[in-house]
K.L.:
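My structure is below; once you've seen it, I'll send some questions.
As a basis for the values below, the full set of heavy atoms in this structure was taken, side chains included, without hydrogen atoms, waters or symmetry mates. Atoms within each ligand, like the ligands themselves, are counted from 1 in listed order.
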Amino acid sequence: MTDYEPVIGLEVHAQLLTDSKLFCSCSTNFGAPPNANVCPVCLGLPGSLPVLNQKAVEFAVRAALALGCTINEHSIFARKNYFYPDLPKGYQISQYEEPFSKHGHLDLELDGVTRRVGITRVHMEEDAGKNVHGMGGDSLVDLNRAGVPLVEIVGEPDLRSSAEAAAYLRTLRDILVFAGVNDGNLEEGSFRCDANVSIRPRGASKFGTRCELKNLNSFRFVQRAIDSEIARQTAILDAGGKITQETRSFDPDTGETHTLRSKEDAHDYRYFPEPDLPPLRLDGAFVERCRGAVPELPAAVRQRWVERGVPAATAATLSQHPGYVRFFDAVSSKLDSPVKAANWIANEVLRGAQVHGLSAKFSVQPDQVAELLSLVERGDISGKQAKEVYAAIEGTDKRPNDLVAERGMRVVSDESALRAACESVIAKFPDQSASVRGGKKGVLGFLVGQVMKETKGSANPKLVNELLEKLLASN
Ligand code: ADP
Ligand code: MG
Ligand code: ZN
């Protein structure tokens with residue numbers, strides 16, 4: 001048996017979050033009744049003419065810049081001709097020979113290693129409609145999606161495993177979501193991926209024949225489909241067979257891919273320049289304006305946090321959504337150290353967070369959390385009490401300061417009161433106390449824990465620590 005190396009390149013279609021379609025003013029609203037959002041332009045009626053949506057161009061350029069692409073000042077739209085019931089014009093307006101951007105890259109992190117993979121091009125195109133099958137035996141066509149603006153992001157065949165492909169997709173999705181141009185929703189189809197997969201004997205320089213996989217509407221499916229395709233191609237080559245270039249569809253029920261159609265080549269589409277749209281000119285000022293709209297991207301956010309002491313894993317969790325980033329930055333800007341805030345938000349706040357597309361809803365406000373953590377930072381309440389306060393403020397606009405006052409929760413920092421509790425614990429645990437006296441500092445934590453227990457968590461642990469040390473040193 002030969003040892004094969006997989007070669008994978010992804011093509012992603014991402015919907016740009018404009019209110020209206022790419023070449024007409026129809027709404028892009030998801031979930032409208034079928035064929036509610038249509039007009040002569042997106043229905044392809046004779047005599048109608050496309051007008052380019054400037055907002056879509058801005059978003060597309062912003063996406064390309066976020067991916068490190070070069071922007072071409074001059075680009076052209078092209079007609080990609082094919083017949084399908086969901087394509088009323090009989091062609092899709094896309095970009096072919098001169099896309100508006102090229103030569104980007106993306107840094108993917110996998111198992112602590114960062115690797116740069118290439119992006120061939122980013123171009124704009126319009127979406128097709130949707131065939132709805134099985135309506136009382138009929139198939140119906142919904143053209144709401146026809147003409148919705150997309151960017152197609154064509155990746156170089158630089159990926160070498162299904163795990164890398166999944167990491168690439170996650171990274172790409174996060175960048176587009178942070179850039180504010182796409183909502184990253186695989187299930188609703190606003191972020192779609194086709195995977196091109198081939199294998200070659202390890203060490204070979206020539207690529208093998210590839211198959212294109214479709215219907216990959218979750219990250220898990222992408223990984224499973226690629227793995228099953230690698231296994232299928234390996235079995236064929238091991239048996240002395242040849243791979244046929246084709247488009248295959250992934251069936252999540254069986255975990256296998258099956259032939260959809262033999263692969264079209266570019267010449268099958270009879271691409272030609274779109275005669276109804278002038279060439280697209282992107283002047284320097286426009287491109288710079290788009291560049292100014294590219295926000296801090298997830299990798300930069302993580303680096304900034306890690307430099308301030310936040311553990312990498314926590315930084316990864318908190319940079320999964322731009323809403324999380326805003327929340328954490330708002331809280332940590334009010335505290336001395338961001339580490340407590342990072343842990344608190346990752347462990348407590350995210351549990352009550354709801355994310356949909358670009359919006360993130362929380363069960364508390366950043367200033368409530370900042371106030372709560374300040375109380376802990378100053379030693380006014382213990383970590384245990386903080387949890388109690390948090391449970392009480394969740395879903396309300398109550399102030400932690402008020403709540404702590406109301407419930408008389410401030411930690412006991414009164415030395416005489418705590419001294420009694422410490423003395424009683426020392427008496428109760430003579431062996432452990434002797435160990436500490438004998439130099440076993442590690443056992444001190446046990447005694448502190450016992451005092452905390454005795455005071456029902458209300459003692460100031462720092463003070464208890466000091467008192468116990470003093471008491472055990474003096475006799
Ligand atoms: P098409 O437009 O016909 O889909 P492209 O040349 O644009 O073809 O390539 C599409 C995708 O296929 C790209 O993402 C590219 O990285 C990937 N690709 C090209 N050749 C291979 C190969 N031999 N194995 C795996 N992926 C490949
Ligand atoms: Mg392609
Ligand atoms: Zn329309």
K.L.:
Assess R200 against Y4: is NZ or CZ under 6.0 Å from the centre of the six-membered ring, and within 45 degrees of the ring's axis?
P.N.:
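Negative - R200 is either too far from the ring of Y4 or too far off its axis.
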K.L.:
For atom 8 (O) of ligand 1, which candidate among R210, E212, E11 provides the closest heavy atom?
P.N.:
R210
K.L.:
Under 4.0 Å, heavy-atom basis, I'd like to know which part of L10 is in contact with ligand 1: side chain, backbone, both or neither.
P.N.:
backbone
K.L.:
Tell me whether H356 contacts the main-chain N or O of K361 through its side chain, where contact means a donor paired with an acceptor under 3.5 Å.
P.N.:
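Side chain of H356 to backbone of K361: no pair is present.
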K.L.:
Tell me yes or no: between the side chains of E126 and S94, is some donor less than 3.5 Å from an acceptor?
P.N.:
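E126 vs S94: no donor-acceptor pair found between side chains.
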K.L.:
Report yes if some N/O of P157 lies less than 3.5 Å from some N/O of ligand 1; otherwise report no.
P.N.:
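Among all N and O atoms of P157, at least one is under 3.5 Å from an N or O of ligand 1.
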K.L.:
Report the angle formed at the Zn ion (ligand 3) by atom SG of C24 and atom SG of C42, rounding to the nearest 10°.
P.N.:
110°
K.L.:
Do K80's NZ or CZ and the ring of Y269 fall within the cation-pi criteria of under 6.0 Å and 45°?
P.N.:
yes
K.L.:
Report yes if some N/O of I8 lies less than 3.5 Å from some N/O of ligand 1; otherwise report no.
P.N.:
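N/O-N/O distance below 3.5 Å does not exist for this pair.
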K.L.:
Test salt bridge (charged side-chain N to carboxylate O under 4.0 Å, His left out) on R224 and D251; report intermediate values, then the result.
P.N.:
CA-CA 10 Å; R224 277 173 61 200; D251 179 350; over 6 Å; no
K.L.:
What atoms in ligand 1 come closer than 4.0 Å to a heavy atom of E156?
P.N.:
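Listed by number with element, the hits are 16 (O).
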K.L.:
With respect to atom 17 (C) of ligand 1, which of N196, V12, D194 exhibits the smallest heavy-atom separation?
P.N.:
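Result: the heavy atom closest to atom 17 (C) of ligand 1 is in N196.
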K.L.:
Does the N or O separation between G208 and ligand 1 drop below 3.5 Å for any pair?
P.N.:
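The answer is yes, given that G208 and ligand 1 share an N or O pair closer than 3.5 Å.
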K.L.:
Could you list which atoms of ligand 1 come closer than 4.0 Å to a heavy atom of G155?
P.N.:
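Near G155, the atoms of ligand 1 are 13 (C), 14 (O), 15 (C), 16 (O).
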K.L.:
Output the list of atoms in ligand 1 that are nearer than 4.0 Å to some heavy atom of V7, sorted by atom number.
P.N.:
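The atoms of ligand 1 under 4.0 Å from a heavy atom of V7 are 24 (N), 25 (C).
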K.L.:
Is R79 positioned over the aromatic face of Y91, cation under 6.0 angstrom from the ring centre and no more than 45 degrees off axis?
P.N.:
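The answer is yes, since R79 meets both limits relative to Y91.
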K.L.:
With atoms numbered from 1 as shown, which atoms in ligand 1 lie under 4.0 angstrom from a non-hydrogen atom of F207?
P.N.:
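Listed by number with element: 23 (N).
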K.L.:
Can you check whether T209's main-chain N or O pairs, donor with acceptor, with K242's side chain at less than 3.5 Å?
P.N.:
no
K.L.:
Please list, in number order, the atoms of ligand 1 under 4.0 Å from a heavy atom of V154.
P.N.:
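Listed by number with element: 13 (C), 14 (O).
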K.L.:
Distance only, no hydrogens: is a donor on one side chain within 3.5 Å (strictly under) of an acceptor on the other, for N196 and R210?
P.N.:
yes
